[in-house]
Amino acid sequence: MAEKPRIKLPKEAAKGEIIQIKTLVSHVMESGQRKDAQGKPIPRKIINGFTCELNGKPVFACTLEPAISANPYIQFNARIEEAGTFKFAWTDDDGSVITAEEKIALKA
Amino acid sequence: MTAINRRQAFALGGGFVALTMMPMAAHAQVSNDAAQSIAKFTGGKEPTKGRIALDLPEIAENGNTVPLVLNVESPMTADSYVKEVMIVADGNPNSGVATLMFTPLSGKAEASIRIRLAATQNVIAIARMSDGSLFTERKTVKVTIGGCGG
(Lines give C-alpha, C1' and ligand atoms only; values in the text may rest on other atoms or scores of the structure.)
Protein backbone atom coordinates (compact mmCIF):
# COMPACT_ATOMS: atom_id res chain seq x y z
CA MET A 1 0.00 0.00 0.00
CA ALA A 2 2.26 2.68 1.23
CA GLU A 3 5.77 3.46 0.14
CA LYS A 4 8.69 3.00 2.44
CA PRO A 5 8.67 5.68 5.16
CA ARG A 6 11.45 8.23 4.98
CA ILE A 7 13.52 8.53 8.13
CA LYS A 8 16.45 10.81 8.71
CA LEU A 9 18.79 10.42 11.65
CA PRO A 10 22.55 10.35 12.17
CA LYS A 11 24.36 7.01 11.76
CA GLU A 12 26.24 7.46 15.00
CA ALA A 13 26.09 9.60 18.10
CA ALA A 14 28.19 10.24 21.19
CA LYS A 15 26.93 8.71 24.44
CA GLY A 16 24.39 11.06 26.00
CA GLU A 17 23.97 13.07 22.82
CA ILE A 18 20.50 14.23 21.84
CA ILE A 19 19.82 13.57 18.19
CA GLN A 20 17.03 14.79 15.98
CA ILE A 21 14.89 12.29 14.08
CA LYS A 22 12.74 13.28 11.12
CA THR A 23 10.12 10.94 9.73
CA LEU A 24 7.75 11.18 6.80
CA VAL A 25 5.29 8.56 5.66
CA SER A 26 3.13 8.72 2.54
CA HIS A 27 -0.54 8.63 3.44
CA VAL A 28 -3.66 10.47 2.25
CA MET A 29 -4.89 11.12 5.82
CA GLU A 30 -8.47 11.27 4.58
CA SER A 31 -10.17 13.43 7.20
CA GLY A 32 -13.71 12.08 6.86
CA GLN A 33 -14.91 15.66 6.33
CA ARG A 34 -14.65 15.69 2.55
CA LYS A 35 -17.36 14.71 0.10
CA ASP A 36 -16.91 13.03 -3.28
CA ALA A 37 -18.36 14.29 -6.58
CA GLN A 38 -21.71 12.68 -5.76
CA GLY A 39 -21.84 14.49 -2.42
CA LYS A 40 -21.28 11.36 -0.40
CA PRO A 41 -18.87 11.70 2.51
CA ILE A 42 -15.50 10.05 1.95
CA PRO A 43 -14.86 7.75 4.92
CA ARG A 44 -12.08 8.70 7.32
CA LYS A 45 -8.79 6.88 6.83
CA ILE A 46 -5.79 8.23 8.67
CA ILE A 47 -2.66 7.17 10.46
CA ASN A 48 -3.91 7.40 14.03
CA GLY A 49 -0.79 6.59 15.96
CA PHE A 50 2.98 6.58 15.81
CA THR A 51 5.57 5.05 18.12
CA CYS A 52 9.34 5.06 18.22
CA GLU A 53 11.42 2.86 20.49
CA LEU A 54 15.12 2.20 20.89
CA ASN A 55 16.07 -1.34 21.89
CA GLY A 56 12.48 -1.89 23.01
CA LYS A 57 12.38 1.21 25.24
CA PRO A 58 9.82 3.88 24.29
CA VAL A 59 11.39 7.11 23.03
CA PHE A 60 8.45 9.02 21.62
CA ALA A 61 4.88 8.31 20.62
CA CYS A 62 1.86 10.23 19.51
CA THR A 63 -1.78 9.82 18.63
CA LEU A 64 -2.90 11.61 15.52
CA GLU A 65 -6.30 13.03 14.57
CA PRO A 66 -7.77 14.00 11.19
CA ALA A 67 -6.32 17.48 11.74
CA ILE A 68 -2.89 16.15 10.74
CA SER A 69 -1.82 16.98 7.19
CA ALA A 70 -1.49 14.38 4.46
CA ASN A 71 1.84 12.55 4.41
CA PRO A 72 2.37 13.07 8.13
CA TYR A 73 5.74 14.53 9.03
CA ILE A 74 6.88 13.98 12.58
CA GLN A 75 10.10 15.35 14.00
CA PHE A 76 11.31 14.59 17.50
CA ASN A 77 14.47 13.91 19.49
CA ALA A 78 16.16 11.00 21.20
CA ARG A 79 18.86 10.80 23.84
CA ILE A 80 21.38 8.13 22.89
CA GLU A 81 22.79 6.14 25.81
CA GLU A 82 23.56 2.95 23.91
CA ALA A 83 23.94 1.69 20.37
CA GLY A 84 21.01 -0.20 19.01
CA THR A 85 18.03 -0.31 16.74
CA PHE A 86 15.24 2.20 16.46
CA LYS A 87 11.85 0.74 15.66
CA PHE A 88 9.22 2.99 14.14
CA ALA A 89 5.57 2.06 13.69
CA TRP A 90 2.66 3.93 12.13
CA THR A 91 -0.83 2.54 12.77
CA ASP A 92 -3.52 2.98 10.13
CA ASP A 93 -7.27 3.27 10.84
CA ASP A 94 -7.73 -0.04 9.00
CA GLY A 95 -5.47 -1.77 11.50
CA SER A 96 -2.44 -2.17 9.26
CA VAL A 97 0.90 -1.06 10.64
CA ILE A 98 3.76 0.44 8.66
CA THR A 99 7.07 -0.36 10.32
CA ALA A 100 10.67 0.65 9.81
CA GLU A 101 13.99 0.13 11.55
CA GLU A 102 17.16 2.19 11.73
CA LYS A 103 20.43 1.36 13.44
CA ILE A 104 22.50 3.77 15.47
CA ALA A 105 26.09 3.30 16.60
CA LEU A 106 28.05 4.99 19.38
CA LYS A 107 30.92 7.25 18.39
CA ALA A 108 34.23 5.66 19.32
CA MET B 1 -30.10 43.46 -20.70
CA THR B 2 -29.26 39.84 -20.14
CA ALA B 3 -25.77 40.79 -18.98
CA ILE B 4 -27.16 43.02 -16.24
CA ASN B 5 -29.49 40.29 -15.16
CA ARG B 6 -26.62 37.94 -14.87
CA ARG B 7 -24.63 40.39 -12.82
CA GLN B 8 -27.56 40.98 -10.58
CA ALA B 9 -28.00 37.27 -10.20
CA PHE B 10 -24.34 36.93 -9.22
CA ALA B 11 -24.60 39.78 -6.74
CA LEU B 12 -27.66 38.22 -5.21
CA GLY B 13 -26.03 34.83 -5.16
CA GLY B 14 -22.92 36.22 -3.49
CA GLY B 15 -24.97 37.96 -0.85
CA PHE B 16 -26.88 34.79 -0.18
CA VAL B 17 -23.70 32.75 0.24
CA ALA B 18 -22.25 35.35 2.62
CA LEU B 19 -25.41 35.33 4.68
CA THR B 20 -25.57 31.59 4.95
CA MET B 21 -21.83 31.20 5.63
CA MET B 22 -21.73 33.67 8.50
CA PRO B 23 -23.91 31.80 10.97
CA MET B 24 -22.07 28.61 10.03
CA ALA B 25 -18.68 30.12 10.85
CA ALA B 26 -19.96 31.46 14.15
CA HIS B 27 -21.48 28.10 14.88
CA ALA B 28 -18.21 26.25 14.20
CA GLN B 29 -16.50 28.22 16.98
CA VAL B 30 -18.88 26.99 19.66
CA SER B 31 -19.88 23.54 18.41
CA ASN B 32 -16.32 22.26 18.59
CA ASP B 33 -15.57 20.04 21.57
CA ALA B 34 -12.22 21.72 22.43
CA ALA B 35 -13.32 22.72 25.94
CA GLN B 36 -14.56 19.21 26.73
CA SER B 37 -11.43 17.49 25.47
CA ILE B 38 -9.26 19.91 27.45
CA ALA B 39 -11.34 19.25 30.59
CA LYS B 40 -10.99 15.51 30.00
CA PHE B 41 -7.22 15.81 29.65
CA THR B 42 -6.72 18.06 32.69
CA GLY B 43 -9.33 16.34 34.86
CA GLY B 44 -10.76 19.76 35.67
CA LYS B 45 -7.47 21.18 36.97
CA GLU B 46 -6.52 24.62 35.74
CA PRO B 47 -3.25 24.50 33.79
CA THR B 48 -0.67 27.23 34.39
CA LYS B 49 0.34 29.39 31.46
CA GLY B 50 3.97 29.06 30.46
CA ARG B 51 6.91 26.70 29.93
CA ILE B 52 5.59 25.85 26.47
CA ALA B 53 6.80 27.44 23.29
CA LEU B 54 4.28 26.92 20.53
CA ASP B 55 5.60 28.00 17.18
CA LEU B 56 2.99 28.47 14.47
CA PRO B 57 2.78 30.96 11.62
CA GLU B 58 0.67 34.02 12.41
CA ILE B 59 -0.96 33.79 9.01
CA ALA B 60 -1.30 30.44 7.25
CA GLU B 61 -1.95 30.83 3.55
CA ASN B 62 -2.83 27.18 3.18
CA GLY B 63 -4.71 25.55 6.04
CA ASN B 64 -3.89 22.11 4.67
CA THR B 65 -0.35 22.10 6.00
CA VAL B 66 0.48 24.44 8.83
CA PRO B 67 3.86 23.74 10.42
CA LEU B 68 3.73 23.46 14.20
CA VAL B 69 6.78 23.31 16.46
CA LEU B 70 6.31 22.55 20.11
CA ASN B 71 8.95 22.93 22.78
CA VAL B 72 8.39 22.38 26.49
CA GLU B 73 10.94 23.51 29.03
CA SER B 74 12.00 20.51 31.08
CA PRO B 75 15.21 18.79 32.21
CA MET B 76 13.82 15.53 30.77
CA THR B 77 15.42 13.32 33.41
CA ALA B 78 13.85 10.23 34.99
CA ASP B 79 12.71 12.42 37.93
CA SER B 80 11.29 15.31 35.98
CA TYR B 81 10.11 15.12 32.41
CA VAL B 82 7.21 16.01 30.16
CA LYS B 83 4.83 13.08 29.93
CA GLU B 84 2.39 14.14 27.27
CA VAL B 85 1.22 17.19 25.39
CA MET B 86 -2.26 17.47 23.94
CA ILE B 87 -2.78 19.82 21.04
CA VAL B 88 -6.29 20.99 20.15
CA ALA B 89 -7.68 23.46 17.64
CA ASP B 90 -10.88 25.24 18.64
CA GLY B 91 -12.21 25.98 15.15
CA ASN B 92 -11.88 22.65 13.34
CA PRO B 93 -14.80 20.24 12.87
CA ASN B 94 -13.06 18.06 15.49
CA SER B 95 -10.94 19.74 18.12
CA GLY B 96 -8.32 16.99 18.40
CA VAL B 97 -5.02 17.50 16.59
CA ALA B 98 -2.50 15.21 18.26
CA THR B 99 -1.24 14.01 21.62
CA LEU B 100 2.52 13.73 21.88
CA MET B 101 4.01 11.35 24.42
CA PHE B 102 7.56 11.91 25.60
CA THR B 103 9.89 9.88 27.80
CA PRO B 104 13.24 10.76 29.41
CA LEU B 105 14.78 9.03 26.38
CA SER B 106 13.29 11.75 24.17
CA GLY B 107 16.09 13.98 25.46
CA LYS B 108 14.15 17.13 24.64
CA ALA B 109 10.41 17.74 24.82
CA GLU B 110 10.42 19.09 21.33
CA ALA B 111 8.47 17.92 18.32
CA SER B 112 7.34 19.22 14.99
CA ILE B 113 4.26 18.22 13.01
CA ARG B 114 2.14 19.66 10.23
CA ILE B 115 -1.51 20.27 10.90
CA ARG B 116 -4.74 21.16 9.12
CA LEU B 117 -6.75 24.21 10.12
CA ALA B 118 -10.22 24.74 8.69
CA ALA B 119 -10.42 28.45 9.53
CA THR B 120 -8.84 31.19 11.61
CA GLN B 121 -8.72 29.84 15.14
CA ASN B 122 -6.73 29.18 18.29
CA VAL B 123 -4.34 26.28 18.63
CA ILE B 124 -3.94 25.22 22.25
CA ALA B 125 -1.27 22.99 23.77
CA ILE B 126 -1.50 21.49 27.25
CA ALA B 127 1.46 19.68 28.75
CA ARG B 128 1.36 17.19 31.59
CA MET B 129 4.63 16.84 33.52
CA SER B 130 5.79 13.68 35.27
CA ASP B 131 4.79 15.24 38.62
CA GLY B 132 1.24 15.84 37.35
CA SER B 133 1.50 19.60 36.95
CA LEU B 134 -0.12 21.13 33.88
CA PHE B 135 1.02 23.94 31.60
CA THR B 136 -0.70 25.55 28.67
CA GLU B 137 -0.07 27.87 25.76
CA ARG B 138 -2.27 29.09 22.93
CA LYS B 139 -1.71 30.76 19.61
CA THR B 140 -4.11 32.28 17.11
CA VAL B 141 -3.53 31.41 13.48
CA LYS B 142 -5.19 33.34 10.67
CA VAL B 143 -6.06 30.96 7.87
CA THR B 144 -6.55 32.28 4.35
CA ILE B 145 -7.60 29.00 2.70
CA GLY B 146 -9.13 26.39 4.97
CA GLY B 147 -7.83 22.86 5.02
CA CYS B 148 -10.70 20.55 5.86
CA GLY B 149 -12.01 19.41 2.51
CA GLY B 150 -15.31 21.10 1.69
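Chain letters run A, B, ... following the sequence lines, proteins first and then strands; every chain starts at 1.
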Legend entry - Heavy-atom pair with the smallest gap, counting every atom of G96(B) and A67(A): O-CB, 3.5 Å
Inset, instruction - Sequence neighbours left out, what pairs pass side-chain hydrogen bond (donor to acceptor under 3.5 Å, both in side chains) with at least one residue falling in residues 51-60 of chain B? - result: none
Legend entry - Same apolar cluster (I L V M F W Y, side chains within < 4.5 Å links), I87(B)/M29(A): yes
Legend entry - Minimum-distance pair of heavy atoms, taken over all atoms of V59(A) and L105(B): CG1-O, 3.9 Å
Legend entry - Residues of residues 74-82 of chain A with any heavy atom under 4.5 Å of a heavy atom in chain B: I74(A), Q75(A), F76(A), N77(A), A78(A), R79(A)
Legend entry - Side chain proximity check, T99(B) to E65(A), heavy atoms < 4.5 angstrom: no
Legend entry - Heavy atoms from other residues, nucleotides or ligands near NZ of K87(A) exceed 12 (cutoff 6.0 Å): no
Inset, instruction - Spell out, yes or no, whether I46(A) and M101(B) are grouped together once hydrophobic residues are joined by side-chain heavy atoms under 4.5 Å, including indirect joins. - result: no
Legend entry - K11(A) NZ: over 12 foreign heavy atoms closer than 6.0 Å: no
Inset, instruction - Please state whether the side chain, the backbone, both or neither of P58(A) comes within less than 4.5 Å of a heavy atom of chain B. - result: both
Legend entry - Donor-acceptor under 3.5 Å (T63(A) side chain, A98(B) main chain): no
Inset, instruction - Might you point out which heavy atoms bring P66(A) and R116(B) nearest each other, and give the distance in Å? - result: O-NH1, 2.9 Å
Legend entry - Neighbour count >12 (heavy atoms, 6.0 Å) for atom CD, E12(A): yes
Legend entry - Cluster overlap V82(B) with M86(B), hydrophobic side-chain contacts below 4.5 Å: no
Inset, instruction - Please report the C-alpha distance between N94(B) and Q33(A) in whole Å, then the side-chain angles of each, then the deciding distance to 0.1 Å, and finally whether the side chain to side chain contact (heavy atoms under 4.5 Å, CB included) criterion is met. - result: CA-CA 10 Å; N94(B) 298 303; Q33(A) 300 290 334; 3.3 Å; yes
Inset, instruction - Indicate, with yes or no, if I115(B) and L64(A) share a hydrophobic cluster defined by side-chain heavy-atom contacts under 4.5 Å among Ile, Leu, Val, Met, Phe, Trp and Tyr. - result: yes
Inset, instruction - Answer yes or no: does atom NZ of K107(A) have more than 12 heavy-atom neighbours from other residues, nucleotides or ligands under 6.0 Å? - result: yes
Legend entry - Residue part contacting chain A, namely of V66(B), when any heavy atom lies under 4.5 Å: backbone
Inset, instruction - Could you state whether V123(B) and V88(B) fall into the same hydrophobic cluster, counting links through intermediate Ile, Leu, Val, Met, Phe, Trp or Tyr residues with side-chain heavy atoms under 4.5 angstrom apart? - result: no
Legend entry - F60(A) CZ to T103(B) OG1 distance, which is reported to the nearest 0.5 Å: 10.0 Å
Inset, instruction - Side-chain contact test, heavy atoms from C-beta onward, threshold under 4.5 Å: evaluate it for Q20(A) versus E110(B) and give yes or no. - result: yes
